[in-house]
J.: 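First, the structure itself, so that you have it in front of you.
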There are 2 protein chains.
Amino acid sequence: MNNAQILASVDIVALRLTAPQRLELLLIRRAREPFIEQWALPGVLVNGRCADASLDAAAARALDEKARVAPPHLEQVATVGSASRDPRGWSMSTIYLALLCPTTGLEGDDLRFIDLDEVLEGRQPLPFDHAALVAQAYARLTAKAVYTALPLHLLQPRFTVTEALAAFEACLGQAVQHTTLRGRLERMKEKGWIVDTGEKNRPPMGRPQTLLEHRPEPGRVFVFDRSVLV
Amino acid sequence: MNNAQILASVDIVALRLTAPQRLELLLIRRAREPFIEQWALPGVLVNGRCADASLDAAAARALDEKARVAPPHLEQVATVGSASRDPRGWSMSTIYLALLCPTTGLEGDDLRFIDLDEVLEGRQPLPFDHAALVAQAYARLTAKAVYTALPLHLLQPRFTVTEALAAFEACLGQAVQHTTLRGRLERMKEKGWIVDTGEKNRPPMGRPQTLLEHRPEPGRVFVFDRSVLV
DNA sequence: ATAATAGTGTCTGTGAGACATTATGTA
DNA sequence: TACATAATGTCTCACAGACACTATTAT
């Protein structure tokens, strides 16, 4: 049997929604060579010793161990592999997209959130091919935001239409008609994916907002039968 | 540095369209242990020695070396990994979906096509978790057939509407209104993804068929802004 | 003429897009 | 009162779904 000389890892693109339509990316300061001390994506090596039941479990473990974070949504995006992406040799990495709760907090100096655009537009360089991985994961998010309710996982379970609008616009990178979103949320209500709490949120100014509650089916995403933004 | 004890491979779910709305799966007789002599998915080990430029290249190499086949469409579906899926130890496998030309032929006794339903419905068992991988790849194909032109890659570049209808119905597993498909093809024509050859195909009976030509942009798929079959 | 298959036309329903209008709160 | 923000209503348009109807070949 071949004893393969290959590195396998799982890397996580974890995103959090902040104030006005911005997405932030979770970074960790590397504790080991190569690229020690540099800010990079959280991840773990997959070497069969950790008794991970599956790759998905390894991804969840990475987020938990490195950042003490449990994401409402975790989804595999793709696997890349090449001889050049890691100085140690031929390596492959499976990328996961994690959507975090906006209230997610971090502990310690080795963890931080950075504005996603800083990475996407190259102002914050990342080691390995991590910048490309981030772009690929964000592309997946954008694509799914067109025809699914995925962006709702960036919100707290109880949310307002305005917050949902911010989430969709952050994922899509452009404005969305609020009437369109209201229609979609209405359809999700009929299917039981959203319930009206009956309560109101009272902002410092303006009319109170209806408080909705997201009731996602675990591991599934609501799919619309049309696209926004054609 | 850790010398990981892990097996990495690439496995291909290669599909061909035959006569009346049926899909066939490419299988290969295994030349090595484990499961030697059994029919299984074509694949290769990824061990860094083969100088594959990337995982995608490894997938293309697997199809070429094992079956002498070059697919019009090759797409990564997912990566699975666990301790139990291979008797040799913790292993991971990246699944690719390949869509072949209907004229694809095979050489040798170690290659064959089998009706996809035989595998999906469990009448043809496969080693490892290959049956689950096939189901996952077919699910991807079905999902994409709802809102993209992916099934066209199962046809020869020059095709008729009837053939396209068969491709979509095979991927979706149910009937499609031909008027709907005609509308979609019309929109692809306007965008330059399909051209009207002006020529006709003359079947033994009935009105001659318009011959269309598929002009896909390499590596991309035409996306419609609505779903079929809601 | 008849059978067989290809292609068009018509009508309905749904939901996005755009924008005006109304509703409900605070200062 | 004015202002700010939420929510609803109206109208158009594109396209899927269903099905009737017409077109073009062979026998």
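Fair warning: this is a prediction, and the values are worked out from it, not measured in the lab. Here is how names work: the chains are called A, B, and so on, in the same order as the sequence lines, proteins then strands, and each is numbered from 1.
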J.: Tell me: CG of A/Asp225 to P of C/dG13, nearest whole Å?
T.: 16 Å

J.: Answer with base, sugar-phosphate or nothing: what part of the nucleic acid does A/Arg202 contact at a heavy-atom distance below 4.0 Å?
T.: sugar-phosphate

J.: Rounded to whole angstrom units, what separation is found between the CD atom of B/Glu163 and the P atom of C/dT5?
T.: 14 Å

J.: Go nucleotide by nucleotide along DNA chain C from the 5' end; which of A/Arg207 and A/Phe224 gets its closest nucleotide reached first?
T.: A/Phe224

J.: Does some side-chain heavy atom of A/Leu111 sit less than 4.5 Å from a side-chain heavy atom of A/Arg68?
T.: no

J.: Give one of base, sugar-phosphate or nothing for B/Arg182, where a contact means two heavy atoms less than 4.0 Å apart.
T.: base

J.: Dump the intermediate steps for salt bridge (charged side-chain N to carboxylate O under 4.0 Å, His left out) on A/Asp117 and A/Arg123, then the final yes or no.
T.: CA-CA 8 Å; A/Asp117 287 337; A/Arg123 290 188 296 275; 5.9 Å; no

J.: Can you tell me how far C1' of D/dA4 sits from NE2 of A/His178, to the nearest Å?
T.: 14 Å

J.: When we call it a touch if two heavy atoms are under 4.0 Å apart, what does B/Gln177 touch: a base, just sugar-phosphate, or nothing?
T.: base

J.: Distance check needed: D/dA16 P versus B/Gln174 CD, whole Å only.
T.: 15 Å

J.: Of all the choices, C/dG7, C/dG25, D/dG17, which nucleotide is nearest to the side chain of B/Val228 once you look at every atom?
T.: D/dG17

J.: Compare the minimum distances between each of D/dA14, C/dG15, D/dA16 and the side chain of A/Arg187, then state the nucleotide with the smallest one.
T.: C/dG15

J.: Have a look at B/Pro204 and say if it touches a base, only the backbone sugar-phosphate, or nothing, with a 4.0 Å heavy-atom cut-off.
T.: sugar-phosphate

J.: Check whether any side-chain N or O of B/Thr162 sits under 4.0 Å from OP1 or OP2 of C/dA6, and answer yes or no.
T.: yes

J.: If each of A/Glu186 and A/Met205 is mapped to the nucleotide of DNA chain D with the nearest heavy atom, which maps nearer the 5' terminus, i.e. the 5' end?
T.: A/Met205

J.: Whole angstroms only, please: what is the NZ-C1' distance between A/Lys191 and C/dG15?
T.: 12 Å

J.: Scan B/Thr179 against the nucleic acid and name what it touches under 4.0 Å (heavy atoms): base, sugar-phosphate only, or nothing.
T.: base

J.: Expressed in angstrom and rounded to an integer, what is the separation of A/Gln209 atom CD from D/dT8 atom C1'?
T.: 16 Å

J.: How many whole angstroms separate atom CG of A/Leu165 from atom P of D/dT5?
T.: 14 Å

J.: Quick one: does B/Arg29's side chain get under 4.5 Å of B/Trp39's, heavy atoms only?
T.: yes

J.: side-chain contact (heavy atoms from CB on, under 4.5 Å) with A/Leu41: which of A/Val13, A/Leu26, A/Val10?
T.: A/Val13

J.: Would you check if A/Leu181 and A/Gln177 make a side-chain contact, meaning some heavy-atom pair closer than 4.5 Å?
T.: no

J.: Atom NZ of A/Lys200 and atom C1' of C/dA23: how far apart are they, to the nearest Å?
T.: 10 Å

J.: Can a side chain N or O of A/Arg184 be found less than 4.0 Å away from OP1 or OP2 on C/dA16?
T.: yes

